[in-house]
Amino acid sequence: FVRLYEKGLIYRGHRIIHWCIRCHTALSDEEAVTTEGGEPGHLWYIRYPGADAGPGVVVATTRPETMLGDTGVAVHPDDERYRRLLGQCVILPLLDRPIPVIADPLVDKDFGTGAVKVTPAHDANDFEMGQRHRLPAVCIMSIEGRITEEGGPYVGLERFEARRRIVADLEARGLLVKTEAYRVPIRRCQRCDTIIEPYLSTQWFVKMAPLAEPAIEAVKSGRLRLIPDRWTGVYLHWLENIRDWCISRQLWWGHRIPVWYCDDCGKVTVARVDPSVCGECGSPRLTQDPDVLDTWFSSWLWPFSTMDWPEDTPTLRRFYPTDVLVTAADIIFFWVARMVMAGYEFMGDCPFRDVYLNSIVRDGHGRKMSKSLGNSPDPLEIIDTYGADALRFTIVSLAPIGQDVRYSVEKTEFGRNFANKIWNAARFALMNLGDAPVESWAAPPPAGKLGLPDRWILSRLQAAIADTQAALDAYRFNDAATTLYRFVWNEFCDWYVELVKGTLYGANEAAKTQVRRTLLTVLDQIMRLLHPFMPFVTEEIWQALPMQRPAASIMIAPYPQPVDAWRDAEAESAISQLIEAVTAIRNIRSELGIAPTMALKVRVAADGRGDAVRALEGFIKALARVDAVELLGDQPRPIGEPSALVAGLGEVFVPLRGVVDAAAVRERLARDLAKVDKELKGVEAKLGRPDFVERAPEEIVDKERQRAAALRDRRAVLERHLATLNAAAPATRP
RNA sequence: GGUCGCAUAGCUCAGUUGGUUAGAGCGCCUGCCUCACAUGCAGGAGGUCCGUGGUUCGAGUCCACGUGCGACCACCA
């Protein structure tokens, strides 16, 4: 305050502010809340007779009681209708006071009658007009909202009672021309919901325009980024049209304004240290300004006042400026922009580089959660029911960048289930890691030492780490959460764990050791990756892992970095073929109604990839409940049996003739054929268009050609199967 | 009045530079209490990507207009 005052940026001003008649204090714009779409009210048309007993002028108002303070009537300078009245006086009804008719461009010709009553003490626009035309400002209301002696016969009345009486009196005198229903823009006190009175008052103000300049420049130069950047426009618009800030409040709590008035000579002293005597006349009789400061006047100092400012401490030097401010968009004005202004003013630098504006949590109906609406669930209850990690992970997953979140309590099941899944995966690992400490992989072991599933999961882990990093760098926290969810659940749990069970439960100790090391490595990395999203469960599991820990807490363990040496394209393609094959067999089994307990045989026409099939054989047997995988060398492919094509591997047959109804097999084949056929038609149509072939990039056209060829092959195969089946057991005619 | 955002499966939402068959979770249907997990496992159904027009060989994606929601700003008395 003192610094700004000494720079001439703080002044005591006499102007219209928002006044709460209940809290007895001035309010800033953001504390005076606008009701959406206005509130039901009236527009009263009142005749102000001419001084010469002529018809005078009709004005429209939503607050007739303020007419007691009218000191003029304004019309637009170009409004022909009222030209003859300019410079003349009309009579203010009820008080019978002559007031002048003035011309001011602020008046909207098309609103109401085009003539507006001017009440400088009770309306911001009117105050401006009053200044311009030297109209007196007559305050007709007390700070409690009662009519003052200026209101003549209405003195002492509560404001709305006065309104009723005035309307009635006007009507009785035939001066009320008409009354319209009207939605009135109204502001209410954020604290007590009382209707705000625009009120002429002396308050302390900060001159904002000079402070705004560096804050505008910060964004324009790229020194400061708002994320998502569409908020930049909002930020700039506010700063470029900034209004002076009313910082005094007539409340009993808050920081006192450091201003003293001398009771004897009237001298104003502004000082950091409480003065004992007046610097002018030496009088000890000083009275401190009774007002306190707006809370934001201390909050805007937060980036440095929290670190011992104005002392120059190592902490302050280390952490000012900082990297990122995370906050909600609804306080860009009162807090973010002001912190930037204060940062430049008091520290000479922007307080942060990035401002990440997080989602606002809304309820299931899209309404902002708020205490006053009572639509916010109790987080402690949710945590009791679902867990803190579950809540955090759910919210993060639900919050896309730049969009608000619709949250309802049941959604927390998502995070709860995931936490449970992780917990159980960890239990599985701990049960199988053995008692002795296990060493994790520090670097990729020599070729041939690791099994396919190990190579695969370690490779996939690198992808997960890289994707998580990229998402975090871009502030796409929900993407990071989703990446980890999928890796943990769909790759690690669904496939890796299932693939290594055979080894872990088997007798090959050497192989078992390799798997254990992989299992531990991946789990350790998963916990660290997930820790920011699920701090509690990850710490708990991490501490339980039988290994040397690089830190006492996972909180300070290094965050995983992707290592290219672990990437293994060969293993990835082998396991994706395996997944495809197993899924296909399960699908056939399920669609044809084969009991899950029944073991099947499969035959694979491997197109010269017999070794690949052999490498996957054990896994196929275990995961698809198959007791034999037969390789078809040069033998003819079985015709009329259900099959699936696995890209890069070959055709997988599940011989079922005699086991299931031929009609069911035929039905399945027909469905597949229809699907293939439809797709092929689409591709062929595309390739048939000359401009596609001519103008699309070659690689795209090639891709389509290859696709068409593959589909044609597939179609031929399916047709052959069908034909054979039909010959063996012709469909019965209806 | 001005500025901005959103509209994709029954629900809640992904889909980042235009390019194979548009994805996930929940819900739904079928079958499983299989020795980490039924807060689970396996399989499946379900979409005129708000409408109209345009750009393009090609549009959920880009442009224009419209419709419906939402947010913010503003001196309509």
Side-chain angles (χ1 to χ4, degrees), chain A residues 34 38 43 59-63 66 74 106-108 110-113 115-119 123-126 128-129 182 184-185 228 230-231 233-234 237-238 241 329-330 332-333 360 362 364 366 368 386 390 394 397-398 400-408 410-411 413-432 470-471 474 476 478-479 482 485-486 490 493-494 497-498 501 505 582-583 586-591 593-597 623-625 675-676 678-679 682-683 686 689-697 699-701 703-704 706-707 711:
Chain A
T34 315
L43 194 55
V59 299
T61 181
T62 56
R63 294 189 297 151
T66 61
L106 209 55
V107 179
D108 178 358
D110 301 322
F111 187 90
T113 61
V116 59
K117 57 194 246 5
V118 182
T119 322
D123 183 276
N125 287 327
D126 292 8
E128 256 183 62
M129 288 195 277
Y182 187 70
V184 185
R230 65 187 167 86
W231 292 108
V234 175
H237 183 263
W238 187 75
N241 298 282
D330 55 358
I332 286 178
F333 305 142
I360 291 176
R362 298 178 178 278
K368 196 158 140 184
Y386 297 101
T394 302
S397 307
L398 244 36
I401 189 163
Q403 289 302 124
D404 289 348
V405 183
R406 278 193 187 205
Y407 174 78
S408 55
E410 318 80 66
K411 288 185 176 178
E413 285 176 20
F414 174 73
R416 192 257 332 248
N417 294 354
F418 186 46
N420 188 250
K421 188 72 179 176
I422 293 167
W423 184 252
N424 281 302
R427 267 183 55 208
F428 169 84
L430 291 173
M431 286 167 67
N432 287 285
R476 302 176 68 99
N478 63 321
D479 278 0
T482 305
Y485 180 93
R486 295 208 175 129
N490 303 127
C493 292
D494 287 351
V497 165
E498 296 304 323
K501 274 181 179 172
Y505 296 157
V582 169
T583 305
R586 284 172 177 169
N587 174 292
I588 289 169
R589 181 196 278 282
S590 169
E591 281 190 12
I594 313 288
T597 45
L623 298 189
R625 209 170 275 237
K675 234 157 103 184
V676 169
K678 187 181 161 206
E679 206 182 323
V683 180
K686 202 174 196 177
R689 282 200 311 270
D691 41 5
F692 172 69
V693 182
E694 282 160 27
R695 310 184 70 157
E699 69 209 63
I700 300 287
V701 179
K703 245 191 213 166
E704 292 297 314
Q706 282 167 25
R707 210 177 128 213
L711 285 166

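All values below come from the heavy atoms of this structure, side chains included, with hydrogens, waters and symmetry mates left out. All values derive from a computational prediction rather than experimental measurement.
- At the heavy-atom level, A:Val107 lies under 4.0 Å from base atoms of the strands shown.
- For the pair A:Asn587 CG and B:C41 C1', the computed distance is 16 Å after rounding to whole Å.
- Nucleotides B:U8 and B:C49 are separated by 4 Å at their C1' atoms, to the nearest Å.
- At a threshold of 4.5 Å between non-hydrogen side-chain atoms, the residues A:Ile332 and A:Trp238 do not count as touching.
- A straight line from CD of A:Glu699 to P of B:C57 spans 17 Å, rounded to a whole angstrom.
- Comparing B:U21, B:C57, B:A36 by their closest approach to the side chain of A:Pro697 singles out B:C57.
- Proximity note for A:Tyr505 (side chain, C-beta onward) versus B:C57, B:C72, B:A36: the nearest is B:A36.
- Separating the CG atom of A:Asn417 from the C1' atom of B:G27 is a distance of 14 Å, rounded to the nearest angstrom.
- A donor N or O paired with an acceptor N or O is not found under 3.5 Å between the base of B:U12 and the side-chain atoms of A:Arg406.
- With B:U39, B:C41, B:G15 as the candidates, the nucleotide lying closest to the side chain of A:Arg416 is B:U39.
- For A:Val683, whose side chain is taken as the heavy atoms from C-beta onward, the closest listed nucleotide among B:A77, B:U21, B:G43 is B:U21.
- No engagement by A:Lys703 is indicated, since no non-hydrogen atom pair under 4.0 Å with the nucleic acid exists.
- Across all strands, A:Arg486 comes closer than 4.0 Å only to sugar-phosphate atoms, never to a base (heavy-atom distances).
- Between the base of B:A42 and the side chain of A:Glu498 there is no donor-acceptor pair shorter than 3.5 Å.
- Distance from the side chain of A:Phe692 is smallest to B:G19 among B:G19, B:A77, B:G25.
- Contact check for A:Thr482 versus A:Arg486: side-chain heavy atoms found under the 4.5 Å cut-off.
- Within 4.0 Å (heavy atoms only), A:Arg586 reaches sugar-phosphate atoms of the nucleic acid but no base atom.
- Within 4.0 Å of A:Thr583, counting heavy atoms only, lie sugar-phosphate atoms of the nucleic acid but no base atom.
- The pair A:Asp126-A:Lys117 fails the salt-bridge criterion, with no side-chain N (NZ, NE, NH1 or NH2) lying under 4.0 Å from an Asp/Glu carboxylate O.
- In this structure, CZ on A:Phe333 lies 8.5 Å from NE2 on A:His237, to the nearest 0.5 angstrom.
- The distance from atom CG of A:Asp108 to atom CG of A:Asn125, rounded to the nearest 0.5 Å, is 11.5 Å.
- Separating the CG atom of A:Asp494 from the P atom of B:C37 is a distance of 15 Å, rounded to the nearest angstrom.
- The side chain of A:Glu704 approaches B:U20 more closely than any other nucleotide in the set B:U20, B:C72, B:U16.
- Of the residues near RNA chain B, A:Asn478 and A:Lys686, the one whose nearest nucleotide (by heavy atom distance) lies more toward the 5' end is A:Asn478.
- Comparing B:A36, B:C57, B:A77 against the side chain of A:Phe111 picks out B:A77 as the nearest.
- In the set B:U39, B:U20, B:A36, B:U39 carries the atom at the smallest distance from any side-chain atom of A:Asn420.
- Considering only side-chain atoms of A:Asp479, the nucleotide from B:A14, B:G25, B:A36 that sits closest is B:A14.
- Atom CZ in A:Arg625 sits about 13 Å away from atom P in B:A42, given to the nearest Å.
- Residue A:Lys501 contributes atom NZ, which lies 8 Å from atom C1' of B:C35 at whole-angstrom precision.
- Considering CG of A:Asn420 and OH of A:Tyr386, their distance stands at 13.5 Å, rounded to 0.5 Å.
- Rounded to an integer number of Å, the gap from A:Trp231 CH2 to B:C72 P is 8 Å.
- Computed from coordinates, the A:His237 NE2 to B:A74 C1' distance equals 8 Å when rounded to whole Å.
- Each of B:A77, B:C75, B:C57 was ranked by its minimum atom distance to the side chain of A:Val116; first place goes to B:A77.
- You'll find the side chain of A:Arg625 stays beyond 4.5 Å of the side chain of A:Arg586, heavy atoms only.
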